[in-house]
Amino acid sequence: MITTEPARGSLLAIEPMDARQISRLLQLARRMNPDRPRPLLRGKRVLLLFYEPSTRTRSSFEIAAKSLGAMTTLVLSSGSSIEKGESLLDTGYTLRAVGADVIVIRHPQAGAPLLMASHLDIPVINAGDGMHEHPTQALLDAYTILRHKKTLKGLRIAIIGDIYHSRVARSWMHLLSKFQAQITLCGPPEFLPDVASEFVSGVHITRTIEDAIRAADVVMVLRVQKERLAGVKISLQDYISRYQLTLARLKLARRDALLMHPGPIIRGLELTWEVADCPQSAIVEEVKNGVPLRMAVLAAALGKAN
Ligand code: CP
């Protein structure tokens, strides 16, 4: 089937969503609890199609789907007919033909979920596409912040690290700016170019980590994405000395500041071991919150949000 509009129920990016749509999903997530399963999706088949490695996103979508009574099938690029050269769309048509009701896809190319959603008649959920977006990560992080802070409006949020290569950073920035958070970006030019773009407009940029963290309510740290650094020359030793989050640097933030990281974390690189495990760290909580949030996303995708 060929359509022009993305299939109804698809979640492809934060950018086109409005604050009300986001708030509705966050409210729905508050009603979801994997320890009290609800058979909202009994009989539905959730296809998890992963062209890139994943631990958190893949496992939490699977547990979310099963907590709602759905069946799940995992297809990885390695070991499937994708290795034989099957195209993205032919893989999508195949998964639809075997009975998928929704496809959750992670892909190295930006736009792959949109392409699939524009050619299928079932919802497609973006689990991360290239350097474009990772919408469910941004949603679960907003959900996590709102467990600790009354509102996103006016929050001082520092985002530190490899921002340019990060789909999570793009989704965070789209979401946080829709709720009038005050965003400061911090990183070296290789990870945060000077060029004005849709990506860096309307936010404050600094190259000094101390400036970014001072008086922040939330400090979000990003991994150095070695897999996306082809041609980028950067000294990791220099990066560590200038941008690694240490306890001394974290002390510059507000006393009740939250430390966040979408994972996977590389201890000793973008943050120290002590910071990863400090009382302000919400890193494990973010992972945990991924399950109810993804339960909400799957339920909404399949029209079971009430
Ligand atoms: N945050 C995130 O997407 O983690 P995974 O790559 O482990 O899914």
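Note that ligands are numbered from 1 as they come in the structure, with each ligand's atoms numbered from 1 the same way.
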Provide the number and element of each atom of ligand 1 under 4.0 Å from a heavy atom of Thr55. 5 (P), 7 (O), 8 (O)

Distance under 6.0 Å and angle within 45° of the ring axis: does Arg106 meet both against Phe50? no

Salt bridge check: are Glu270 and Arg249 linked by an N-O gap of less than 4.0 Å? no

How far is atom 4 (O) of ligand 1 from its nearest protein heavy atom, and which residue and atom is that? Arg56 NE, 3.0 Å

Report the C-alpha distance between Arg96 and Asp121 in whole Å, list the side-chain angles of each, state the deciding distance to 0.1 Å, and finish with yes or no for salt bridge (charged side-chain N to carboxylate O under 4.0 Å, His left out). CA-CA 9 Å; Arg96 178 69 180 110; Asp121 60 350; 2.7 Å; yes

Within-cut-off N or O pair, Thr57 and ligand 1, under 3.5 Å: yes

So if I count the atoms of ligand 1 from 1 in the order they appear, which ones are less than 4.0 Å from some heavy atom of Gln137? 1 (N), 2 (C)

What is the ring orientation for Phe191 with Tyr239, classed by angle as parallel under 30°, tilted 30 to 60°, or perpendicular over 60°? perpendicular

With Ile213, which of Leu252, Thr206, Thr184 fulfils side-chain contact (heavy atoms from CB on, under 4.5 Å)? Leu252

Which of the ligand 1 atoms, numbered from 1, are nearer than 4.0 Å to a heavy atom of Gly263: 1 (N), 2 (C), 4 (O)

Non-hydrogen atoms of Gly128 versus ligand 1: any pair closer than 4.0 Å? no

So is Glu52 in contact with ligand 1, going by heavy-atom distances below 4.0 Å? no

Can you find an N or O of Pro262 that's nearer than 3.5 Å to an N or O of ligand 1? yes

Is a salt bridge present between Lys66 and Glu62, judged by a nitrogen-to-oxygen distance below 4.0 Å? yes

Ser171 and Glu133: side-chain hydrogen bond (donor to acceptor under 3.5 Å, both in side chains), yes or no, with the steps? CA-CA 5 Å; Ser171 290; Glu133 282 221 34; 2.6 Å; yes

Ranked by distance from atom 6 (O) of ligand 1, the top protein heavy atom is Arg106 NH1, 2.8 Å

